[in-house]
Number of protein chains: 2
Amino acid sequence: MTRTKAKTPRKAKKKKAPRTKAEQRAETLEQILDAAEFLFSKHGLHGVTLRDVALKVGVHTSLMHYYFEDKFALFKTVFVRRAPVTSERRMKALDQYEKNAKGKPTVAGALHAFLDTDYDLYMSGGEGWKNYGAFGSQLSNTPEGAAMFDEHFDPVVLRLIGILRKAMPDVPEENIFWGYHFITGSFMHSLSRSGRLDRLSNGLCKSGDLDAVKARMAEFMAAGFSSLRKR
Amino acid sequence: MTRTKAKTPRKAKKKKAPRTKAEQRAETLEQILDAAEFLFSKHGLHGVTLRDVALKVGVHTSLMHYYFEDKFALFKTVFVRRAPVTSERRMKALDQYEKNAKGKPTVAGALHAFLDTDYDLYMSGGEGWKNYGAFGSQLSNTPEGAAMFDEHFDPVVLRLIGILRKAMPDVPEENIFWGYHFITGSFMHSLSRSGRLDRLSNGLCKSGDLDAVKARMAEFMAAGFSSLRKR
DNA sequence: ATTATCTATAGATCTATAGATAATGC
DNA sequence: ATTATCTATAGATCTATAGATAATGC
């Protein structure tokens with residue numbers, strides 16, 4: 001990260017010294033993870049130095065090593081911190097949906113549960129969640145990054161696939177996976193909020209407008225699946 | 001790039017010394033760009049050092065500076081080298097399609113021209129093109145990277161959008177842009193060949209199987225657009 | 001005579017560790 | 001007494017440049 005200057009470190013210690021050490025530890029840890037998440041989401045693992053993170057938090061670089069083994073450990077922790085939250089929320093939403101569907105799930109219904117639940121989280125979870133979305137979107141298009149998804153997200157995704165199979169008994173299983181491949185590409189891209197769509201559409205659409213994305217994606221993809229029936 | 005060891009540099013000078021200096025220059029330049037393209041596609045701009053590239057080519061680091069101002073100049077050259085090739089091919093394919101359509105273009109037809117033309121290139125263009133696809137897919141999910149697309153790809157994309165508008169006069173323009181947003185996410189993701197789909201589907205599908213992707217994507221996305229009609 | 005490539009090296013980071021200091025904990 | 005944070009610094013890269021050498025060009 002050479003181009004983007006990090007913010008000036010906090011001069012006055014605004015934060016009231018937390019009472020307990022456990023609190024202090026938790027607070028600092030959270031600040032480090034938030035800063036790292038933000039920076040990684042902009043520049044990737046190798047585009048950020050531990051000094052960048054420390055500077056942004058307003059703390060000495062060596063403290064990074066006190067809390068984390070090395071940079072990659074910090075990176076992994078950023079990834080792991082929020083992964084179970086999104087995963088479990090969607091898992092519950094799928095459970096709930098299947099229960100309500102009483103043996104007759106639809107593609108659109110399953111996709112709404114899977115996608116909309118997550119968009120709600122990214123939209124209402126604050127800056128941290130938005131940064132995490134951009135962070136994850138970068139990972140999804142690189143071999144090493146994508147491998148990190150397996151452990152935390154395979155269960156929800158396979159849960160979704162299971163419901164989709166029930167909803168489309170006439171569609172070959174491989175086609176359902178291909179459909180998911182398309183969906184995840186669009187979904188991750190939408191979380192990157194790269195700004196390209198804004199310029200391309202001359203301001204008509206904003207890539208950060210997750211409301212607009214949420215309003216269209218599930219139905220779009222459900223319609224897409226209809227093309228996979230034949231063959 | 002600390003983990004992946006670069007290949008051992010060429011010991012014996014296998015290449016017969018090229019006759020003319022212009023040839024030698026062109027040859028070395030191509031080797032550098034190929035090596036850089038490969039490494040950048042794996043590790044991103046900041047995950048690769050000029051030494052990595054030099055080592056892979058089998059040449060001294062300082063030669064990188066002889067040919068390029070700095071690392072970012074090399075990066076940009078990698079991007080720019082192939083961009084016009086894909087752009088112009090697709091532009092021609094769209095021109096051709098629209099001509100054949102005689103005023104009655106279809107969504108599926110336009111998408112086949114736009115997508116299949118490019119998949120053919122990535123499939124038959126050799127390793128270099130595959131690396132370029134992975135290289136580009138990383139860029140597309142980051143703000144800085146996506147901005148690089150504007151200059152070289154806006155014209156083809158807007159050409160596509162123009163045809164789509166003709167094919168869907170009843171669909172609001174913004175929805176066409178949102179549809180494109182979804183398409184480009186899936187398309188770029190498919191070029192990353194991240195390997196995740198392979199593991200997720202337990203080998204049933206391979207993310208590197210661009211034939212399978214090509215066979216399904218245009219129709220899938222065309223069907224998706226049908227959902228954007230209403231509203 | 002010009003250009004491609006290498007040698008040598010300076011200066012700038014960056015990571016990581018040892019040890020000191022300043023807080024909280026009992 | 002323990003833990004959070006800072007100071008100081010070593011060692012390892014990495015970038016970039018000046019100048020030498022070895023080719024091609026006429």
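Chain letters run A, B, ... following the sequence lines, proteins first and then strands; every chain starts at 1.
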Check the surroundings of atom CD in A:Glu151: do more than 12 heavy atoms from other residues, nucleotides or ligands lie under 6.0 Å from it?
->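 Result for CD/A:Glu151: open.
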Interatomic distance, [X] [atom1] vs [N] [atom2] [rounded to whole Å]:
| X | N | atom1 | atom2 | value |
| --- | --- | --- | --- | --- |
| A:His43 | C:dC14 | NE2 | P | 12 Å |
| A:Leu74 | C:dT15 | CG | P | 11 Å |
| A:Ile32 | D:dA4 | CD1 | C1' | 11 Å |
| B:Leu50 | C:dT5 | CG | C1' | 16 Å |
| B:His60 | D:dA22 | NE2 | P | 15 Å |
| A:Lys21 | C:dA23 | NZ | P | 11 Å |
| B:His65 | C:dA4 | NE2 | C1' | 16 Å |
| B:His46 | D:dT13 | NE2 | P | 20 Å |

Do you see a donor-acceptor pair shorter than 3.5 Å between the side chains of [X] and [Y]?
| X | Y | value |
| --- | --- | --- |
| A:Ser201 | B:Tyr180 | no |
| B:Arg82 | B:Thr86 | no |
| B:Ser194 | B:Ser207 | no |

Name the residue closer to the 5' end of DNA chain C, choosing between A:Asp70 and B:Ser62 according to the nucleotide with the nearest heavy atom.
->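 With A:Asp70 and B:Ser62 compared, the 5'-side residue is B:Ser62.
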Is C:dA10 paired to anything, Watson-Crick or G-U wobble with both distances less than 3.5 Å, and if yes, which nucleotide?
->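 Across all strands, the one nucleotide that pairs with C:dA10 is D:dT15.
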Strand partner of D:dT24, provided both Watson-Crick or wobble distances fall under 3.5 Å =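 Matched D:dT24 with C:dA1 under the 3.5 Å cut-off.
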A:Thr28 side chain: which of D:dT5, D:dT15, C:dT5 is closest?
->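 The answer is D:dT5.
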Of the nucleotides C:dT5, D:dT5, D:dC14, which has the atom closest to the A:Tyr66 side chain?
->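 Among C:dT5, D:dT5, D:dC14, the one nearest the side chain of A:Tyr66 is D:dT5.
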Starting from the 5' end of DNA chain D, give me the residue, B:Ala22 or B:Arg51, whose nearest nucleotide shows up first.
->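 Closest to the 5' end, via its nearest nucleotide, is B:Arg51.
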Select from B:Lys71 and A:Thr61 the residue whose nearest nucleotide in DNA chain D is closer to the 5' end of that strand.
->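 Taking each residue's closest nucleotide, the earlier one in sequence belongs to A:Thr61.
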For [X], answer base if it contacts any base atom (sugar-phosphate contacts may also be present), sugar-phosphate if it contacts only those atoms, and nothing otherwise; contact means non-hydrogen atoms under 4.0 Å.
| X | result |
| --- | --- |
| B:Leu63 | base |
| A:Phe68 | nothing |
| A:Tyr67 | sugar-phosphate |

Take the angle between the ring planes of A:Tyr122 and A:Trp129 and call it parallel below 30°, perpendicular above 60°, tilted in between.
->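 Correct class here is perpendicular.
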